[in-house]
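What follows is a short report on a single structure.
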Amino acid sequence: NAGVTQTPKFRILKIGQSMTLQCTQDMNHNYMYWYRQDPGMGLKLIYYSVGAGITDKGEVPNGYNVSRSTTEDFPLRLELAAPSQTSVYFCASSHNEASTDTQYFGPGTRLTVL
Amino acid sequence: AQTVTQSQPEMSVQEAETVTLSCTYDTSESDYYLFWYKQPPSRQMILVIRQEAYKQQNATENRFSVNFQKAAKSFSLKISDSQLGDAAMYFCAYWNTGNQFYFGTGTSLTVIP
């Protein structure tokens, strides 16, 4: 099992550009999450999904969109990049609710918006 | 909104000694879970230990144990027999039934040989 994979590892965007952060898991997990981690801070939940076709907002969803067309993939879309979106983005998955099951994290994507 | 506070930005411990990392949280919920995650330089988040709020017994995982004080809203992590591989950022986290995670700002742990 590769676990949770994220691409790209690094990306620099200009203000106003768009991009999609990819996240794939091969563990057949139902739950998937997107977090951002700003320098010196803890993770903040952006969006989560409890299964294919179902997504919901987390603590900081503004400026992002997600979709979950398959169990394996949970891409995060930035439509109009802003400097405030400079952060490290983590994708995670768990078989059941994260309260009862281990979350497996990907290696992260470091995004800089200039 | 729930908040998680880690008041120790940095801690250090001698190898083989014991260290305690502090965490407090604020909530009006009665049903929730608390976690400690470890983030090494590789940046991956690794679950260390989990505590259900309805359980009075403190969770333990090998050298890692917690002191859960529900009334005081305190959730500290004790690492016994510290090893060089324990050096990392440690994050305290809170989860409620709304499927929302809240993380503290982290404590950087240095293990001195």
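Order of the sequence lines fixes the chain letters, A, B, ..., with proteins taken first and strands second; residue numbering starts at 1 for each chain.
- Atom OG1 of Thr105(B) and atom CD of Gln37(A) lie 10.5 Å apart (nearest 0.5 Å).
- Contacts between Tyr104(A) and chain B at a heavy-atom distance below 4.5 Å are absent for every atom of the residue.
- Connection of Tyr47(A) to Tyr102(B) is not established within any shared hydrophobic cluster, with ILVMFWY side chains joined at heavy-atom distances below 4.5 Å, either directly or through further cluster members.
- In Lys78(B), the NZ atom is not crowded: 12 or fewer heavy atoms of neighbouring residues, nucleotides or ligands sit closer than 6.0 Å.
- Residue Tyr37(B) touches chain A through its side chain alone, counting heavy-atom pairs closer than 4.5 Å.
- Here the side chains of Phe90(A) and Gln39(B) are in contact, with some heavy-atom distance below 4.5 Å.
- Listed by first then second residue, pairs satisfying salt bridge (Lys or Arg N to Asp or Glu O under 4.0 Å) with a partner in residues 102-113 of chain B number zero, not counting sequence neighbours.
- Val66(A) and Ile46(A) end up in the same hydrophobic cluster when Ile, Leu, Val, Met, Phe, Trp and Tyr side chains are linked at under 4.5 Å.
- The six-membered or imidazole ring of Tyr48(A) lies away from that of Phe101(B), with a centre-to-centre distance of 6.0 Å or more.
- In the hydrophobic cluster analysis, where Ile, Leu, Val, Met, Phe, Trp and Tyr join through side-chain heavy atoms closer than 4.5 angstrom, Met32(A) is grouped together with Val60(A).
- Under the 4.5 Å side-chain contact rule for hydrophobic residues, Ile46(B) and Trp95(B) do not share a cluster.
- Proximity of Leu43(A) to Met45(B): side-chain heavy atoms (C-beta onward) are separated by under 4.5 Å at one or more points.
- No side-chain heavy atom of Phe103(B) sits under 4.5 Å from any side-chain heavy atom of Lys44(A).
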